[in-house]
Amino acid sequence: MRDPFSPFTYDLSDRVVLVTGASSGLGARMAKVLATHGAKVALAARRVDRLAQLQRDIEDHGGTAFAVNLDVASEEQTIAAYDAVEAALGPVNTVIANAGIARDLKRATDNPPEDFDTTYAVNLRGVFLTAREGAKRMMAAGSKQSEHGRIVLISSITSFDISPHSTFYSATKAGVSQMGRVLAYDWARMGINVNMIAPGYIQTEINDGLFETDYGRSMLAKWPRRRVIDADALDSTVLFLCSDHSRQITGTVTTVDDGQSLS
Ligand SMILES: NC(=O)c1ccc[n+]([C@@H]2O[C@H](COP(=O)([O-])OP(=O)(O)OC[C@H]3O[C@@H](n4cnc5c(N)ncnc54)[C@H](OP(=O)(O)O)[C@@H]3O)[C@@H](O)[C@H]2O)c1
């Protein structure tokens, strides 16, 4: 039990974290923040040139990182990526399943079903493959005894709020939140905590140009604070959920949206 007179710190030096979708946006930022707090960070995505650049950036700031090519839709590549990370950094005890795509932004009647398959393959099946392989390895490394396993799935406010023209994306994000709750239950006795973060809108490549459109401007106008969220909004939640301080928190969905979903 923690001494109530000792201040909170986030020392993640015993953490080996795999971050999927680390080549841009939220994933790249989370990797930097985690590395700054001592974690060894595995950077996974398909654009390996970007990952190599991020690895150098983290190393230049005194951190430890390892870039690995991964298409999360592939089970084979997922297993190979974990093998490579384990050889380079040691067994992964923390996973951030962040890789995601948004294909729709069309009326449902105009949406080709193939886009559903692609979105599903990355946003839901890919998140499952990443979490499952991580959990297997955590269990093999003794998570039941250490209670050290941490898995964070990146959902979205679209999992519970209505975002027009995003049928496929919203459906997969709702799936992420509910799947994560079931995984949290299934793995609770194995010392693995599974929690979700549901961010509101943050300016990244996934919504590039959106807020210059009439549709984007109408979203901004209805949000109580009339703004997208700052890029640093998720930092503290990510650190908390990856740390020992979240030991008895599992199966939760934390909304970080500056009140956007209140509108
Ligand atoms: N920005 C927002 O407003 C917002 C709000 C709520 C939730 N989110 C969620 O946050 C996560 C990160 O999004 P972002 O905003 O940072 O967007 P982003 O900048 O477009 O980043 C998406 C990341 O996912 C990776 N990715 C896509 N397909 C992949 C695949 N098949 N295999 C491996 N990696 C893949 C991309 O890397 P490669 O292309 O190099 O593979 C990229 O690093 C997503 O799950 C998104 O749904 C974002």
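Remember, it's 1-based here, ligands and their atoms both numbered in the order they're listed.
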* To do: Could you check atom 10 (O) of ligand 1 against the protein and tell me its nearest heavy-atom contact, residue, atom and distance included?
  =>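 Of the protein heavy atoms, L26 CD1, 3.3 Å lies nearest.
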
* Would you mind checking which non-hydrogen protein atom is closest to atom 33 (C) of ligand 1, with the distance to 0.1 Å? =>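 Minimum-distance protein heavy atom for atom 33 (C) of ligand 1 reads L70 O, 3.1 Å.
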
* Asked: Would D83 and R137 pass as an ion pair if we require N to O under 4.0 Å?
  ->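 Looking at R137 together with D83, the answer is yes, because their closest N to O distance falls below 4.0 Å.
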
* Salt bridge between D14 and K40, side-chain N to carboxylate O under 4.0 Å? ->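 Salt bridge between D14 and K40, a charged N being under 4.0 Å from a carboxylate O: no.
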
Min heavy-atom dist [X] to ligand 1 below 4.0 Å:
X    : answer
T20  : no
S155 : yes
R29  : no

Counting heavy atoms only, name the option from [options] that's nearest to [atom].
atom                    : options               : value
atom 4 (C) of ligand 1  : G200, S23, S156       : G200
atom 26 (N) of ligand 1 : S24, A44, A99         : A99
atom 44 (C) of ligand 1 : V256, I154, N98, I229 : N98

* To do: Please identify which atoms of ligand 1 are closer than 4.0 Å to at least one heavy atom of E205.
  =>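 Going through ligand 1 atom by atom, the ones under 4.0 Å from E205 are 19 (O), 20 (O).
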
* Asked: Quick one: which ligand 1 atoms are inside 4.0 Å of a heavy atom on D71?
  ->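 Per the distance check, 30 (C), 31 (N), 32 (N).
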
* Establish, from distance only, whether the side-chain atoms of T252 and N195 form a donor-acceptor pair under 3.5 Å. =>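 Checked: T252/N195 side chains pair up, N/O donor to acceptor below 3.5 Å.
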
* Would you say A73 and ligand 1 have an N/O pair spaced under 3.5 Å apart? ->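 A73 vs ligand 1: no N/O contact under 3.5 Å.
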
* Asked: Roughly how far, to the nearest 0.5 Å, is the OG atom of S159 from the CD1 atom of I157?
  ->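 Reported to 0.5 Å precision, the distance equals 8.5 Å.
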
* Cationic tip of R15 above Y10 ring, under 6.0 Å, 45° of axis ->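 No, R15 does not lie over the aromatic ring of Y10.
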
* Under 4.0 Å from ligand 1, counting heavy atoms only, is it the side chain of K173, its backbone, both or neither? ->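 Looking at K173 and ligand 1, just side chain atoms fall under 4.0 Å.
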
